[in-house]
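Predicted model, so just to flag it, every value in this text is computed and none were measured. Below, all heavy atoms of this structure are taken into account, side chains as well, without hydrogens, waters or symmetry copies. We name chains A, B, ... by the order of the sequence lines, and we start the count at 1 in each one.
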Number of protein chains: 2
Amino acid sequence: MAKDGKKADRRPGGRVKAQKSVKKRSAEVRAVPDGPGGYVADDRPDVVVVVDVSYFAVDRGALVVLLVERTRQPDAGRWAVPGAVLEPDEVLTDAAARAVVARAGILEPFTRVEQLAVFDAGDRDPRTRVVSTAVLAVTSTAAAPAGGALASGRWWPVGAIGTPAGPSLAFDHLDIVTTGIERLRARLELTDFATALVEEPFTLGELRRAYDVVWGVELEPANFRRKVLATPGFVVPTAGKRIVGTGRPADLYLRGGGAVLHPPIPRQR
Amino acid sequence: MAKDGKKADRRPGGRVKAQKSVKKRSAEVRAVPDGPGGYVADDRPDVVVVVDVSYFAVDRGALVVLLVERTRQPDAGRWAVPGAVLEPDEVLTDAAARAVVARAGILEPFTRVEQLAVFDAGDRDPRTRVVSTAVLAVTSTAAAPAGGALASGRWWPVGAIGTPAGPSLAFDHLDIVTTGIERLRARLELTDFATALVEEPFTLGELRRAYDVVWGVELEPANFRRKVLATPGFVVPTAGKRIVGTGRPADLYLRGGGAVLHPPIPRQR
DNA sequence: TGAATAGTGTCTTTCAGACAATATGGA
DNA sequence: TCCATATTGTCTGAAAGACACTATTCA
């Protein structure tokens with residue numbers, strides 16, 4: 001069903017270039033941009049689309065988020081999530097990856113990425129109208145940013161945000177980070193998102209500690225194990241075992257194909 | 001979600017790239033739009049932001065979606081969800097309301113509206129790069145579109161989509177509608193979204209039938225009642241009663257302030 | 001009176017949560 | 001040996017689901 005729809009909209013239509021003398025049409029006509037002259041360059045509203053990345057990892061027992069220190073006005077000295085203006089020939093996830101590499105110096109790709117929310121307040125950037133399509137991304141390795149002029153990225157513990165020792169966030173990026181954290185917590189409840197936070201192969205103890213860090217709880221190991229193993233497609237067992245420090249060696253697993261948790265892993269009641 | 005992954009694989013062809021303005025800077029500089037000259041008119045990528053509305057109601061026992069017949073190319077004769085180009089001075093929900101009024105002739109406001117997803121495939125509109133920020137909206141009254149030249153809207157049963165008697169959808173709007181339906185189903189599970197589908201005051205039978213229609217199931221009246229009344233903030237009791245046809249008069253309720261269902265109303269197992 | 005819907009009571013199954021018990025490594 | 005972690009076993013309480021039963025109206 002969805003396949004047909006996508007196929008249907010792939011047509012080799014030629015774009016009609018604009019030769020409008022009038023700079024802008026009325027809002028009413030704008031609402032019906034069907035004509036041959038629709039969407040032409042001189043007729044576009046002044047809206048800029050950027051992609052902002054709410055990028056998380058687990059590092060030494062803490063949930064961390066990738067922020068970039070701003071060096072120019074406005075909001076110089078404050079910290080922002082990596083962002084980039086969307087190019088006409090790229091999709092959101094590509095722009096998100098580009099933003100993380102170019103602005104924060106992070107070279108590793110996301111383990112997982114998905115849409116987060118659109119931030120559309122009219123005054124969120126003082127320069128012009130900027131609509132931000134934020135994405136939620138996670139990695140299994142909170143790698144240090146590579147060197148270079150643009151490598152001003154840093155992983156901040158989310159617990160430090162809002163404290164005197166923590167970063168001061170630019171624009172509405174505190175909102176973006178907060179929304180990302182809450183979505184991340186919800187995704188752990190309903191999907192196998194947590195597997196993207198640990199390196200393969202992983203033990204169920206490592207996976208459980210990812211839940212502990214993101215949710216700020218301590219899940220019961222026995223019940224967690226039963227729940228994960230009872231969910232088809234959550235993890236794939238391997239033959240290996242690993243000795244972390246002390247204690248009995250743990251079985252090693254790989255990420256499953258992508259599971260929907262039915263019923264979910266419960267959080268709070 | 002998985003949707004994003006699929007979309008990321010679809011690279012736009014060279015057609016879009018060939019339309020780039022010669023005035024544009026490199027992607028690397030674009031990634032750091034901090035300078036005083038950032039976001040100026042001559043430096044903006046050719047990306048148009050539209051708002052598309054996945055707008056649902058329950059009408060005579062069926063879930064219906066509001067579609068508009070296209071009268072111009074491309075995709076003339078096919079049906080699309082109401083959409084509008086985002087104006088620089090409005091937020092998404094305002095543009096969504098404007099689209100429904102101007103394009104479909106629907107005058108009643110949404111009972112509830114929230115963000116749905118961003119559709120960002122590079123070739124989703126043959127004319128130019130269009131990024132669609134889709135919203136999910138519902139109403140309690142599937143009112144007939146008002147007359148007028150622009151009132152080409154029609155409520156289609158979602159069950160008719162994909163059948164010979166149903167509408168053929170333009171662009172990737174089948175994807176937008178499908179995503180909206182699935183999100184609506186999920187929202188009924190976790191929130192009090194269903195109360196927005198019924199007119200106040202309502203009986204628990206009417207509320208339950210909204211679940212039945214959206215989910216395509218028949219919930220057990222006794223268990224449903226217990227569940228709803230046990231969830232704080234879901235519905236507010238009133239003193240009134242109503243006799244629908246035959247049968248015992250039912251208590252009337254109003255919408256609660258907006259509840260998060262913990263635990264949710266279960267769907268499928 | 002019978003049909004239809006609303007509302008109450010209760011039983012069974014399932015599952016989360018707690019916790020005891022065992023397994024297996026390192027210090 | 002003790003200690004720490006993994007893994008298995010078992011019990012309990014809460015909630016979903018099924019269904020019998022009562023209540024109240026209209027035809």
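Look at Glu189(A) and Lys227(A) and you find no salt bridge, because none of the NZ, NE, NH1 or NH2 atoms lies under 4.0 Å from a carboxylate O. One finds a salt bridge joining Glu206(B) and Arg242(B) here, because a Lys/Arg side-chain nitrogen approaches an Asp/Glu carboxylate oxygen to under 4.0 Å. Residues Glu114(B) and Arg187(B) are paired through a salt bridge, judged by an N-O separation under 4.0 Å between the basic side chain and the carboxylate.
Taking each heavy atom of Arg225(A) and Leu204(A) in turn, the nearest pair found is NH1-CD1, 3.5 Å.
Rounded to an integer number of Å, the gap from Asp251(B) CG to dT24(D) P is 11 Å. Atom CD1 in Ile265(B) sits about 13 Å away from atom C1' in dA15(D), given to the nearest Å. Rounding to whole angstrom units, CD of residue Glu220(A) and P of dT12(D) are separated by 17 Å. Between Leu207(A) atom CG and dT5(D) atom C1' there is a gap of 16 Å when expressed in whole angstrom units. Regarding Leu252(A), its CG atom lies at a distance of 16 Å from the P atom of dT24(C), rounded to whole Å. Look at CG on Leu219(A): it is 11 Å from C1' on dG17(C), rounded to the nearest Å. dC2(D) atom C1' lies 18 Å from atom CZ of Arg248(A), rounded to whole Å. Between the P atom of dT7(D) and the CZ atom of Arg242(A) lies a distance of 12 Å, rounded to the nearest Å.
Screening residues 200-250 of chain A for ring-ring contact (aromatic ring centres under 6.0 Å, His included) gives Tyr211(A)-Trp215(A), Tyr211(A)-Phe224(A) as the qualifying pairs, with residues at least two apart or on separate chains.
The side-chain hydrogen bond (donor to acceptor under 3.5 Å, both in side chains) search around Glu69(B) returns none, not counting sequence neighbours.
Contacts between residues 222-237 of chain A and DNA chain D, defined by a heavy-atom separation below 4.0 Å, involve Ala222(A), Arg225(A), Arg226(A), listed by number.
Of the candidates dT25(D), dC3(D), dA6(D), the closest approach to any side-chain atom of Thr246(B) belongs to dT25(D).
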